[in-house]
Every structure is written in C-alpha cells, then in structure tokens.
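Each remark here refers to the structure printed beneath this line.
Keep in mind the model is a prediction, meaning the values are calculated, not measured. We number each residue from 1, following the sequence as shown.
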Amino acid sequence: MAELIGPRLYSCCNCKNEVALHDDIISKAFQGRNGRAFLFSHAMNIVVGPKEDRHLMTGLHTVADVHCCDCREVLGWKYERAYEEAQKYKEGKFVLEKSKIVKENW
C-alpha cells in the first residue's frame, strides 16, 4: 500500500509545532538576526508580537516579532509596513529564520 505523504512543512526548531508550508516561500534570499532567513506569504500556529519600527538592511520598516504559539520561541518577524515604495511587497509577509525552523515531510 502506498504511504500517504502530506505537504512539505517547516516546524519550530524547539517544539516541532508546524509553522509554515514550503509552497508559501516567496524568497530564500533574506537575512535574519542569526543568518539566512526565508520570506513566506503565510505562517500558522504563531503569535504576532507588538509592532515596532526597525532599521533593517533595506530601510525602515514597521515589524512585529513572531513567536511559536506553543513554546513562544521567537522565529522571525512579520512586515507590517514598508516605508519605501520598492519594499511594499513585503507588507503582511513573514520572515522565518532558517536556524529557528526545521523541515517536516521531506
């Protein structure tokens, strides 16, 4: 009998809570606080923290840290607002740090 395989997922590195789908990756060319990061169109099972303005590599943005809803590990951030027109595509998107997520169902 064939084994059923679900979608490829990313999970919290700490508790293995599912936080994002591989198919929702927009870019793998982002930089996080601790190295490489991925830009996702959606994230799940996360808690969005308070908004704050941060000067990032691409300019000033309003962002909010995102935490795993189970263990509260900080996984990355959500772009709430981009002040430069060329960066507007990031609004509402999620950056998850590669060091904070692990692959599931690969």
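- Annotation: Tyr10 is in aromatic contact with Phe40 [ring centroid separation under 6.0 Å].
- A chain of hydrophobic side-chain contacts below 4.5 Å, direct or via other Ile, Leu, Val, Met, Phe, Trp or Tyr residues, connects Ile101 to Phe94.
- Donor-acceptor pairing under 3.5 Å is recorded for the side chains of Thr62 and Asp53.
- Taking 4.0 Å as the cut-off between side-chain N and carboxylate O, Glu73 and Lys100 count as a salt-bridged pair.
- Looking only at atom types and distance, the side chain of Lys90 has a donor-acceptor partner in the side chain of Thr58 under 3.5 Å away.
- Only one option out of Asn45, Val47, Ile46, Leu75 pairs with Cys68 in a side chain to side chain contact (heavy atoms under 4.5 Å, CB included); it is Leu75.
- Rounded to the nearest 0.5 Å, atoms CG (Leu56) and NE2 (His61) are 6.0 Å apart.
- In this structure, Leu60 CG and Gln87 CD are separated by 11.0 Å, a value rounded to the nearest 0.5 Å.
- Linking Ile, Leu, Val, Met, Phe, Trp and Tyr whenever their side-chain heavy atoms come within less than 4.5 Å puts Tyr89 and Trp77 in one cluster.
- Salt bridge annotation for Glu52-Arg54: present, with a cationic side-chain nitrogen under 4.0 angstrom from a carboxylate oxygen.
- The heavy-atom pair separating Glu84 from Gly59 by the smallest distance is OE2-CA, 3.9 Å.
- Using a distance-only test at 3.5 Å, with no hydrogens or angles considered, no donor-acceptor pair links the side chain of Asp70 to the main chain of Asn17.
- Hydrophobic clustering (ILVMFWY, side-chain heavy atoms < 4.5 Å, transitive): Val95 and Ile26 are in one cluster.
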Salt bridge (Lys or Arg N to Asp or Glu O under 4.0 Å) between Arg81 and Glu91, worked out: CA-CA 5 Å; Arg81 181 175 178 199; Glu91 291 180 343; 5.2 Å; no

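- No path of Ile, Leu, Val, Met, Phe, Trp and Tyr side chains, each step under 4.5 Å between heavy atoms, connects Tyr79 with Val48, placing them in separate hydrophobic clusters.
- Of the inter-residue distances, the one linking Arg36 atom CZ with Gln31 atom CD reads 9.5 Å to the nearest 0.5 angstrom.
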Let's go through Arg33 and Asp65 carefully: what are the C-alpha distance in whole Å and the side-chain angles of both, what is the deciding distance for salt bridge (Lys or Arg N to Asp or Glu O under 4.0 Å) to 0.1 Å, and is it a yes or a no? CA-CA 11 Å; Arg33 290 185 194 103; Asp65 284 341; 2.6 Å; yes

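- Atom SG of residue Cys12 and atom NE2 of residue His67 lie 12.0 Å apart, to the nearest 0.5 angstrom.
- Salt-bridge annotation for Glu85 and Lys88: absent, with no side-chain N of the basic residue lying under 4.0 Å from a carboxylate O of the acidic one.
- A cation-pi contact links Lys28 to Phe38, judged by a cut-off of 6.0 Å to the six-membered ring centre and 45° from its axis.
- Two residues are said to be in side-chain contact when any heavy atoms from C-beta on lie closer than 4.5 Å; Glu18 and Met44 meet this criterion.
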For Lys98 and Asn34, what are the C-alpha separation, side-chain angles and deciding distance, and is it a side chain to side chain contact (heavy atoms under 4.5 Å, CB included)? CA-CA 9 Å; Lys98 190 176 179 193; Asn34 304 303; over 6 Å; no

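- No single ILVMFWY cluster, assembled from side-chain heavy atoms under 4.5 Å apart, contains both Leu96 and Val63.
- Rounded to the nearest 0.5 Å, atoms CG (Asp24) and NE2 (His42) are 6.0 Å apart.
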